[in-house]
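Remember, it's 1-based here, ligands and their atoms both numbered in the order they're listed.
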Amino acid sequence: MKRVYSLGIIGHPVGHTLSPVLHKTAAEHNGIELDYKPYDVSPDELRGFMEGLRGGGIDGLNVTVPLKVAVMDFMDELSAAARGIGAVNTIINKEGKLVGDNTDEYGFITSMAENAGEDMACKKVFLYGAGGAARAICGAIDNIGGVDLVIANRTESKAEKLAARLGNRGASVEAIGFDSDKLVDSIRSADIIINATSIGMKGNTEERLPGVEYISKGQLVVDIVYRPLETPLLKQAGARGARTLDGLWMLIHQGARSFKLWTGAGFPIDLAREKLLLELNNN
Ligand code: ATR
């Protein structure tokens, strides 16, 4: 095992990221020396930053909004997951050779299985969003197969593009806009409702997801937003008797997989959640 790992996260902005606390908790737990820094890199600065990365000094990076797709151009190799999803959230620097991977799909599936006890096979899923996070969730759904999926997005054309990427595997995929007259029925008949937009995130709370008032008991409602932990969507879903799953679990599980890719070490899932909850309460 290496003596000191130099890792970090790139995004724009990255000021509020929880990733440093997440990975420092795991490093301490494993007795690994870690230097983990947030790097604010705008899309215009990305080329220069990535060229510098090849020079050495940084062993690996997480990638967040809005760079997950843009960094793909700078990778020497892509994992099957990154290629399938069409985005990179983890970079491994193998002595100047940059390998792009994606652990968001794993994070999502693991949080559904372990923290919601949910097997998605043959379920009806209603997904809000068609951005980078939605791509990873659709990748997971596509791999499971047999899931009837409705993708609803403010910009309908992006939902259509995402739907067209999916293999379908015997189930149905439909793309609609937020103003579609199919929206209410699709929400009513869903087993699982997932928000993969940034609506509800601190700073984006004026907008409301359409159709939330049709959520009912018996449904599982999942939000990928974790700041605040109880988003307006989860609050309303809970009040209507639905089960809920917060976004912190997906963050932790994707981080655990990235940490393993960089260091080979395991991850203290419950301790990480405790530390992140503290951080969310204090900031
Ligand atoms: P991420 O990688 O986090 O998914 P993204 O690729 O920028 O980020 O995608 C953001 C998602 O949130 C998109 O589905 C976006 O909808 P559009 O495709 O119409 O832009 C959605 N979103 C963000 N802010 C929104 C808002 N105020 N109202 C509706 N949708 C919003």
Side-chain angles (χ1 to χ4, degrees), residues 9-19 38 40-43 46 61-73 81-82 84-91 100-108 111 125-142 149-166 173-180 183 186-187 193-212 221-228 231-234 236 246-251 253-255 258:
I9 180 164
I10 53 169
H12 186 67
V14 280
H16 290 296
T17 177
L18 290 176
S19 291
D40 194 320
V41 179
S42 72
L46 186 61
L61 290 169
N62 280 130
V63 185
T64 187
V65 181
L67 306 174
K68 287 185 183 183
V69 176
V71 294
M72 291 183 79
D73 287 345
I85 294 165
V88 163
N89 83 329
T90 305
I91 299 171
D101 209 326
N102 197 309
T103 67
D104 282 336
E105 182 179 327
Y106 168 85
F108 173 70
S111 69
V125 175
F126 181 93
L127 174 69
Y128 290 106
R135 270 194 200 193
I137 291 169
C138 283
I141 287 172
D142 211 22
L149 175 66
V150 176
I151 306 171
N153 198 44
R154 172 180 60 181
T155 313
E156 190 177 347
S157 58
K158 277 172 71 180
E160 281 165 0
K161 245 188 183 160
L162 181 52
R165 285 176 62 92
L166 301 181
V173 182
E174 195 167 2
I176 61 174
F178 275 4
D179 53 359
S180 166
L183 186 123
S186 305
I187 290 177
I193 295 160
I194 304 164
N195 175 39
T197 75
S198 45
I199 294 179
M201 194 185 287
K202 203 172 166 187
N204 193 358
T205 45
E206 285 107 71
E207 298 290 332
R208 283 278 183 271
L209 292 163
V212 168
V221 178
V222 183
D223 209 326
I224 63 149
V225 172
Y226 53 78
R227 199 189 277 272
T231 59
L233 169 66
L234 295 186
Q236 204 163 344
D246 68 64
L248 207 52
W249 285 119
M250 176 173 165
L251 177 81
H253 290 297
Q254 65 78 33
S258 299

Residue and atom name of the nearest protein heavy atom (relative to [atom]), distance in Å to one decimal:
atom                    : value
atom 27 (N) of ligand 1 : E207 CG, 3.1 Å
atom 19 (O) of ligand 1 : T155 OG1, 2.5 Å
atom 6 (O) of ligand 1  : G132 N, 3.1 Å
atom 9 (O) of ligand 1  : G131 CA, 3.4 Å
atom 14 (O) of ligand 1 : N153 OD1, 2.7 Å
atom 23 (C) of ligand 1 : S198 OG, 3.1 Å
atom 28 (N) of ligand 1 : R154 NH1, 3.3 Å

- Message: For atom 17 (P) of ligand 1, is there a protein heavy atom at a distance under 4.0 Å?
- Response: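 Yes; the ligand atom in question has protein heavy-atom contact below 4.0 Å.
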- Message: Using the ring centroid of each side chain, check whether F108 and Y106 are separated by less than 6.0 Å.
- Response: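 No; Y106 has its ring centre 6.0 Å or more from that of F108.
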- ligand 1 versus A130, non-hydrogen atoms closer than 4.0 Å: side chain, backbone, both, neither?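 For A130, the contact with ligand 1 is made by the backbone alone.
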Using only atom types and a distance under 3.5 Å, with no angle test, would you say the side chain of [X] pairs donor to acceptor with the backbone of [Y]?
X    : Y    : answer
T155 : S157 : no
R135 : G84  : no
T231 : R227 : no

- Task: Sequence neighbours left out, what passes side-chain contact (heavy atoms from CB on, under 4.5 Å) with S180? Give chain and number order.
- Result: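 Counting only residues at least two positions away or on another chain, S180 forms a side-chain contact (heavy atoms from CB on, under 4.5 Å) with I176, K182.
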- Message: Within the structure, is a non-hydrogen atom of K158 found at a distance of less than 4.0 Å from ligand 1?
- Response: yes
List every atom of ligand 1 that sits less than 4.0 Å from any heavy atom of [X], numbering the atoms from 1 in the order shown and giving each element.
X    : value
A133 : 1 (P), 2 (O), 4 (O)
I199 : 25 (C), 26 (C), 28 (N), 29 (C), 30 (N)
G129 : 14 (O)

- Query: Taking the minimum heavy-atom distance to atom 11 (C) of ligand 1, which of N89, T197, V65, N195 ranks first?
  - Reply: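 Minimum heavy-atom distance to atom 11 (C) of ligand 1 goes to T197.
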- Do the ring planes of W249 and H253 sit parallel (below 30°), tilted (30 to 60°) or perpendicular (above 60°)?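 Geometry flag for H253 against W249: parallel rings.
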- Query: Got a second to check how far K68's NZ is from T90's OG1, nearest 0.5 Å?
  - Reply: 8.5 Å
- Query: Would you say the side chain of L234 lies within less than 4.5 Å of the side chain of V221, judging by non-hydrogen atoms?
  - Reply: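 V221 reaches L234 side chain to side chain.
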